[in-house]
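First comes the structure, then the notes that go with it.
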Amino acid sequence: MGERYNAVNGNEVVERNTQRKVSIQGFEGCFHQEAARIFFGNSVEVICCSTFKEVIEIAGNKRKSDGGVMAIENSIAGSILPNYNLLQKSNLTIVGEVYLQINQHLMVNPGVELGDIKEVHSHPMAIQQCFGFLDKYNWKLVEKEDTALSAKQVHQHRSKHVAAIASKLAAEIYDLSIIAPNIHTLKNNYTRFLILQKAGEAEAIPGADKASINFHTDHSKGSLARVLTNIADAGINLSKLQSFPIPGSDFKYSFHADVEFDTVEQFYNLIKKIEPITEEVKIYGIYKNGKAVPLPSQSQKTKQK
């Protein structure tokens, strides 16, 4: 498929000899594509999907892709619970993660001035993230299904009166000018993306120091506490614990846990200890702990207010 790609795992850049083709949710220029580029390099080919379910299906089909990139949680909005369910039912494993800073920009067709704008189009979440800026103007706010789609349509219609809120990559792809950069109200906004590959094809990750697991106990008194005590006693950091109802049960729950460790051996020793006190343990992936990184700069003409 190509020559090479760069995979960013933590602070380390790994060079490989093949270009990857991965499924993402959204249109070209979306934040999923940004995350894919950060992990695999700018030459990564993306398959744009309308739903996360489609992302999972294509990521698990070796003939169509080499894997997928899927958002799993946001530092402001929290966990995307349906995506955990999709992961649980899939044949995929986690091979990496990306924490992407979400920067929203107001963009227009070249030559359009701030005073020309009458409408602003974007995903409802993006609009909400920018109310602090948008409330200063008497613009009509139009909700769309995707930030990048909004940018694409502004470009296609060549309107002088419609702006979009989207990423710098979207502005670059659709030849739009950023008339007001970084208009999001909360500046410390990150989304965590999982890098997924078909189980059985994923290779061991050198220097892996994080894992995602799912487990459930017999729900007897203190059963969950015993699992958590074993995690702490192993010197392993529990960075996330999310409960999910078990379908068909009377309010019984399974638990998704993200754990961080020094060595893979340390993690496997923990699994041996908690297997006897759980009814089931499933490992979703063993990978490198991602680092929160800002969006890479794009070669983009930015027009100041």
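The model shown is predicted, which means the values in this text are computed figures rather than measured ones.
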Can you tell me if Y287 and S212 form a side-chain donor-acceptor pair at under 3.5 Å?
yes

Ignoring hydrogens and angles, tell me if any N or O in the side chain of S167 forms a donor-acceptor pair with the backbone of G29 under 3.5 Å. yes

Distance col, row I58:CD1 vs K64:NZ, nearest 0.5 angstrom, shows 5.5 Å

One should read off an interatomic distance between I179 CD1 and H105 NE2, to the nearest 0.5 angstrom, of 14.0 Å

### Task
For the pair W139 and F133, name the ring-plane relationship: parallel under 30°, tilted 30 to 60°, perpendicular over 60°.
tilted

request  = Output yes when a side-chain donor or acceptor of S220 lies under 3.5 Å from a complementary backbone atom of S223, and no otherwise.
outcome  = no

Here the gap from E97 atom CD to N289 atom CG, rounded to the nearest 0.5 Å, amounts to 5.5 Å

D250, CG atom: more than 12 neighbouring heavy atoms under 6.0 Å: no

Worksheet item: Is there a side-chain contact between T217 and I277, using heavy atoms and a 4.5 Å cut-off?
Response: no

Heavy atoms of V154 and L176 approach each other most closely as CG1-CD2, 4.1 Å

In E45, E201, R20, the residue satisfying side-chain contact (heavy atoms from CB on, under 4.5 Å) with D66 is R20

query: Ring centres of H32 and F52 under 6.0 Å apart?
result: yes

query: Does any non-hydrogen side-chain atom of I283 lie less than 4.5 Å from one of F267?
result: yes

Checklist entry - Are side-chain heavy atoms of Q242 and L81 found at a separation under 4.5 Å? => result yes

Check the pair I47, K21 against side-chain contact (heavy atoms from CB on, under 4.5 Å), reporting the backbone distance first and the verdict last.
-> CA-CA 7 Å; I47 304 169; K21 183 178 183 180; 3.6 Å; yes

For D209, the salt bridge (charged side-chain N to carboxylate O under 4.0 Å, His left out) test, sequence neighbours excluded, returns none

Run the side-chain hydrogen bond (donor to acceptor under 3.5 Å, both in side chains) check on N214 and H216 step by step: do they pass?
CA-CA 7 Å; N214 183 275; H216 64 90; over 6 Å; no

Smallest heavy-atom separation, F255 atom then L241 atom, equals CB-CD1, 3.9 Å

Residue pairs passing the salt bridge (charged side-chain N to carboxylate O under 4.0 Å, His left out) test with at least one member in residues 46-55, sequence neighbours excluded, are K53-E57

| task | Verify the cluster assignment for F193 and M70: are they in a single hydrophobic cluster under the rule of side-chain heavy atoms below 4.5 Å apart? | result | no

Per side-chain contact (heavy atoms from CB on, under 4.5 Å), S90 is matched among L87, L86, T93 by L87

When rounded to the nearest 0.5 Å, the distance separating CD of Q156 from CD of Q153 is 6.5 Å

| query | Any link between M125 and I165 through a network of hydrophobic side chains (Ile, Leu, Val, Met, Phe, Trp, Tyr) touching at under 4.5 Å? | reply | no

Scanning both residues in full, the closest heavy-atom pair of E34 with L169 reads OE2-CB, 2.9 Å

S254 vs K282, side-chain hydrogen bond (donor to acceptor under 3.5 Å, both in side chains): CA-CA, chis, key distance, verdict: CA-CA 11 Å; S254 66; K282 181 179 180 180; over 6 Å; no

Worksheet item: Between Q33 and I173, is any pair of side-chain heavy atoms under 4.5 Å apart?
Response: yes

- Query: Can any side-chain N or O of S122 pair as donor or acceptor with the backbone N or O of I127 at less than 3.5 Å?
  - Reply: no

(Q) Is there a side-chain contact between C130 and T185 in this structure, where contact means two heavy atoms from C-beta onward sitting under 4.5 Å apart? (A) no

Other residues, nucleotides, ligands: >12 heavy atoms within 6.0 Å of K187 NZ: yes

(request) State plainly whether one hydrophobic cluster holds both I72 and L238, where clusters connect Ile, Leu, Val, Met, Phe, Trp and Tyr through side-chain heavy atoms under 4.5 angstrom apart. (result) no

Between F40 and V69, the two heavy atoms sitting closest are CE1-CG2, 4.3 Å

Closest non-hydrogen atoms of F261 and Q266, given as atom of the first, atom of the second and distance, are CB-OE1, 3.5 Å

For residues 224-247, the ring pair (Phe, Tyr, Trp, His ring centres under 6.0 Å) pairs (sequence neighbours left out) are Y84-F244

Applying the 4.5 Å side-chain criterion to the ILVMFWY set and letting contacts propagate, would V281 and I236 be lumped into a single cluster?
yes

Requested in this report: Determine whether more than 12 heavy atoms belonging to other residues, nucleotides or ligands lie under 6.0 Å from atom CG of N138.
Outcome: no

Taken to the nearest 0.5 Å, the spacing of Q104 CD from T147 OG1 works out to 6.5 Å

Between the CE atom in M107 and the CD1 atom in I183, the distance rounded to the nearest 0.5 Å is 8.5 Å

Closest non-hydrogen contact found for A36 with V46 is CB-CG1, 4.2 Å

task: Please tell me if the side chains of S79 and K240 come closer than 4.5 Å, counting only heavy atoms from C-beta onward.
output: yes

Does L134 share a hydrophobic cluster with Y137, counting links as ILVMFWY side-chain heavy atoms below 4.5 Å and allowing steps through other members? yes

Check your understanding: If only atom types and distance count, is the side chain of Y253 paired as donor or acceptor with the main-chain N or O of H219 below 3.5 Å?
Key -> no

